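Working notes, beginning with the structure itself.
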Amino acid sequence: MDNNMLTEERKKVLGGVVTYNPEILRLRENLESLTKQLDTIYIFDNGSKNLDDIERLLDSFSNNFKLHKAPKNMGIAYALKEIMNYAQKEKYDWVLSVDQDSVLNEKLVDEYMSALSSYHGNDIGMLTCLIKDRNFKDESVEKQKEALKEVPICITSASLTNVKNYFLTDGYDENLFIDLVDTDICLSLRERGFKILRLNFLGVFHEIGHGENKKILWKNVIVHHSSVFREYYMSRNTVILNRKHPQLYPKSTMVKGLIHNFLIITLFEEGKKERLHNFHKGWTRGLIMSRKRPK
């Protein structure tokens, strides 16, 4: 790590990675980029079948890893919540969360710290950066004029979360389990007056499933080809977000999200019957769960 990264003014940053049956070569690439920037990395393993391979990989690094081994898949929200709890306990200022299949630009943390040093205010909930998905052609990811641009939401991977401001919210919602967890925490931060800011810097190469670009009429869409069981959580959580955040995630957004997912399934996905079954089961379950939540 560069000496300029260890100055007294530098904020204390914890790296956080959630693993679940990761591809070991990709995880190695991920950790190699992360360990060059941070001293301590907290890894929450969600019951991976290849845990032994993960432990051997961690032993090959000299950095300080904190490995939590869950007995089963507790979900991404639970794992992220535990990472944030650890950060608060150990008095970290920020948490850099990274998906197991993302590879960071080795200058990302320095760029984040530089942006924070020139920003006057305590209203940042989360910082994100420009993100390139390996699977998709999207030239727009590198088009941003402002050094920092306020955005409504961001994905968890490569985001830098303000620990103090995070704990002024209810935190990650374990009930969401896996999908739209990042959207939910962004909305929770914004509801409490905090900003989601995007740095004009291509900071991470990301990969969601094995997706591809498609078109519905004139509109470009991304088909992620994620696992069938996730259709349930995507539709269920879309409904729940509307009930949790009616102002920032109104019914129109919920309906658009459900229609979008339905069209993707019917037009482009394989295993349509099972996917549509999970889709229908999800949004009906979401309605039931939403009625039990205080509005």
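The figures that follow rest on heavy atoms only: side chains count, while hydrogens, waters and symmetry mates do not. Computed from a predicted structure; not experimentally measured.
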Worked check of side chain to side chain donor-acceptor pair (under 3.5 Å) between Asp170 and Tyr166 = CA-CA 8 Å; Asp170 293 330; Tyr166 164 87; over 6 Å; no

Mark yes or no for whether [X], through its side chain, and [Y], through its backbone, hold a donor-acceptor pair below 3.5 Å.
{"X": "Lys81", "Y": "Tyr172", "result": "yes"}
{"X": "Asp45", "Y": "His68", "result": "no"}
{"X": "Thr169", "Y": "Gly171", "result": "yes"}
{"X": "Gln37", "Y": "Leu108", "result": "yes"}
{"X": "Asn165", "Y": "Asp123", "result": "no"}
{"X": "Thr266", "Y": "Leu263", "result": "yes"}
{"X": "Asn30", "Y": "Gln100", "result": "yes"}
{"X": "Lys69", "Y": "Asn46", "result": "no"}
{"X": "Asn242", "Y": "Met254", "result": "no"}

Decide, yes or no, whether a salt bridge links [X] with [Y] under the criterion of side-chain N to carboxylate O below 4.0 Å.
{"X": "Asp184", "Y": "Lys244", "answer": "yes"}
{"X": "Asp101", "Y": "Arg26", "answer": "no"}
{"X": "Asp110", "Y": "Lys107", "answer": "no"}

query = What's the verdict on side chain to side chain donor-acceptor pair (under 3.5 Å) for Arg198 and Gln144, showing C-alpha distance, side-chain angles and the deciding distance?
reply = CA-CA 9 Å; Arg198 186 172 65 203; Gln144 178 176 313; 2.6 Å; yes

Would you say [X] and [Y] make side-chain contact, with heavy atoms under 4.5 Å?
{"X": "Asn162", "Y": "Met126", "result": "no"}
{"X": "Leu176", "Y": "Ile240", "result": "yes"}
{"X": "Ile196", "Y": "Leu189", "result": "yes"}

task = Quickly, which of Thr128, Leu127, Val151 forms a side chain to side chain contact (heavy atoms under 4.5 Å, CB included) with Leu197? Name it, please.
result = Leu127

ask   = Run the side-chain contact (heavy atoms from CB on, under 4.5 Å) check on Val204 and Val103 step by step: do they pass?
value = CA-CA 6 Å; Val204 63; Val103 178; 5.8 Å; no

inquiry  = As a quick check of understanding, evaluate side chain to side chain donor-acceptor pair (under 3.5 Å) for Glu191 and His245, giving each step before the final call.
reply    = CA-CA 8 Å; Glu191 285 170 344; His245 312 283; 2.7 Å; yes

Within this structure, what is the [atom1]-[atom2] distance for the pair [X] and [Y], rounded to the nearest 0.5 Å?
{"X": "Ile259", "Y": "Ile264", "atom1": "CD1", "atom2": "CD1", "answer": "12.5 Å"}
{"X": "Leu67", "Y": "Ile41", "atom1": "CG", "atom2": "CD1", "answer": "12.0 Å"}
{"X": "Ile153", "Y": "Leu180", "atom1": "CD1", "atom2": "CG", "answer": "8.5 Å"}
{"X": "Tyr119", "Y": "Leu148", "atom1": "OH", "atom2": "CG", "answer": "8.0 Å"}
{"X": "Tyr92", "Y": "Thr161", "atom1": "OH", "atom2": "OG1", "answer": "15.0 Å"}

[atom1] ([X]) with more than 12 external heavy atoms under 6.0 Å:
{"X": "Phe262", "atom1": "CZ", "value": "no"}
{"X": "Glu146", "atom1": "CD", "value": "yes"}
{"X": "Lys272", "atom1": "NZ", "value": "yes"}

inquiry  = Determine whether Lys195 and Arg190 satisfy the following criterion, side-chain contact (heavy atoms from CB on, under 4.5 Å), listing intermediate values before the conclusion.
reply    = CA-CA 6 Å; Lys195 296 178 179 178; Arg190 287 174 55 203; over 6 Å; no

Trace of the side-chain contact (heavy atoms from CB on, under 4.5 Å) decision for Thr238 with Tyr249 = CA-CA 9 Å; Thr238 298; Tyr249 201 90; 3.6 Å; yes

Do you know the tightest heavy-atom contact between [X] and [Y]?
{"X": "Cys129", "Y": "Phe201", "value": "CB-O, 3.3 Å"}
{"X": "Ser97", "Y": "Thr156", "value": "OG-O, 2.8 Å"}
{"X": "Ser235", "Y": "Asn278", "value": "OG-O, 4.0 Å"}

request  = I would like to know whether Arg230 and Asp179 meet salt bridge (Lys or Arg N to Asp or Glu O under 4.0 Å); could you show each step before the answer?
outcome  = CA-CA 7 Å; Arg230 289 187 63 175; Asp179 281 293; 2.5 Å; yes

query = side chain to side chain donor-acceptor pair (under 3.5 Å) with Glu231: which of Arg236, Arg275, Lys281, His277?
reply = Arg275

task = Give the ring-plane orientation class for Tyr42 versus Tyr86, where under 30° counts as parallel, over 60° as perpendicular and anything between as tilted.
result = tilted

request  = Apply the test side-chain contact (heavy atoms from CB on, under 4.5 Å) to residues Thr19 and Ile54: give CA-CA distance (whole Å), side-chain angles for both, the deciding distance (0.1 Å), then the verdict.
outcome  = CA-CA 9 Å; Thr19 54; Ile54 296 172; 4.1 Å; yes

inquiry  = Does Arg56 form a salt bridge (Lys or Arg N to Asp or Glu O under 4.0 Å) with Asp59? I'd like the steps, not just the answer.
reply    = CA-CA 5 Å; Arg56 280 193 293 270; Asp59 287 341; over 6 Å; no

